[in-house]
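For ligands, and for the atoms within them, numbers begin at 1 and follow the listed sequence. Numbering starts at 1 and runs along the sequence shown.
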Amino acid sequence: MKPEQSAPSRIGIFGGTFDPVHVGHLVAAVNAKQGAKLDKVLLVVANIPWQKEHTRVVSPAHLRYSLVQAAVAGVEGLEACDIEIRRGGQSFTIDTVLDTARDYPNSELFLIVGADAAMGISSWERSDKLAELVTLVVVNRPGTAMEVDLDQRWHTLLVEVPAIDISSTDIRARVKDGRPLDYILTRETIEFIRAAGLYREDVGDGSRGKK
Ligand code: ATP
Ligand code: MG
């Protein structure tokens, strides 16, 4: 066997609510892939994101997954992943990492997080185990300092990506207000949102404190 065939593949796990997926996510994913020399990046759609569960209504998981599928279709090395939806219940990254380790037994696992998400990672479910199993790939995100203070447990790689100051929260507000979505979402994502009638109603965002 040639040496390159026996080298473990490098799999990136990029989890999110993706409600909806936007270019900030996609630009982060492709740049993390190149920066961390990953073979592929799985965009893992949360089933029930425990951090958002009681702050706002989240769109149905299968619709968020379809949005991600539409956004990455035909993009080499990016893959929509529904493992958390198939597992059901609340989505904990540690379970996803354990399942991915089973699906890719000969791989190194990299967990991609924006700087804002990285800040809270030590409070995530079974974070000790998580830190043992993955290398954390932290990408910069406007609004959060890149000097994320992570303790010694974490093997960390910082990857600089083009700073794109948008969030899914902004996008949901833009849909509701009828503001343009062009160039901050893929064309396929915009078409899907329109066809499904997503985000037109005020379903309560965290800032308003409604369920
Ligand atoms: P919301 O406003 O609903 O929280 P979001 O835009 O923050 O949505 P999430 O699904 O919460 O998107 O984020 C998933 C992951 O993507 C997180 O690790 C987050 O840090 C990262 N991320 C989101 N937007 C960006 C961005 N513009 N640049 C870099 N990373 C981002
Ligand atoms: Mg977020």
Taking N or O atoms only and a 3.5 Å limit, does [X] qualify as a polar contact for ligand 1?
X	answer
D165	no
G114	yes
I166	yes
D19	no
G16	no

Is it true that [X] and [Y] have a side-chain N and a carboxylate O under 4.0 angstrom from each other?
X	Y	answer
D39	R10	no
D170	R179	no
K129	E132	yes

Check whether I48 and L98 end up in the same hydrophobic cluster, where Ile, Leu, Val, Met, Phe, Trp and Tyr are linked by side-chain heavy atoms less than 4.5 Å apart. no
Check ligand 1 against [X] and write out every atom of the ligand that is under 4.0 Å from a heavy-atom position of the residue.
X	result
T17	10 (O)
H22	6 (O), 24 (N), 25 (C), 27 (N)
D116	19 (C), 20 (O)
S167	2 (O), 6 (O)
R56	3 (O)
R172	3 (O)
V113	18 (O)

Closest approach of any protein heavy atom to [atom], naming residue and atom:
atom	result
atom 1 (P) of ligand 1	T169 OG1, 3.4 Å
atom 9 (P) of ligand 1	H25 NE2, 3.7 Å
atom 26 (C) of ligand 1	R141 NE, 3.6 Å
atom 11 (O) of ligand 1	K52 NZ, 2.7 Å
atom 27 (N) of ligand 1	I164 O, 2.8 Å

Taking all heavy atoms of [X] and all of [Y], pick out the closest pair and write down the distance.
X	Y	result
Y199	S59	CE2-OG, 3.4 Å
S127	S122	OG-O, 3.1 Å
G12	I112	CA-CD1, 4.2 Å
S91	E84	CB-OE1, 3.2 Å

On the 0 to 90° scale, with breaks at 30° and 60°, tag the F18-F14 ring pair as parallel, tilted or perpendicular. perpendicular
Kindly list each side-chain donor-acceptor pair under 3.5 angstrom involving residues 70-83, sequence neighbours excluded, with atom names and distances?
from	atom 1	to	atom 2	distance (Å)
E79	OE1	K40	NZ	2.9
D82	OD1	R86	NE	2.8
D82	OD1	R86	NH2	3.1

Tell me whether ligand 1 is touched by N140 - counting only heavy atoms on the residue side and a distance under 4.0 Å. yes
Would G15 count as a contact residue for ligand 1, given that I'm defining contact as a non-hydrogen atom of the residue lying under 4.0 Å from a ligand atom? yes
Using the salt bridge (charged side-chain N to carboxylate O under 4.0 Å, His left out) criterion, which residues pair with D165? Sequence neighbours excluded. none
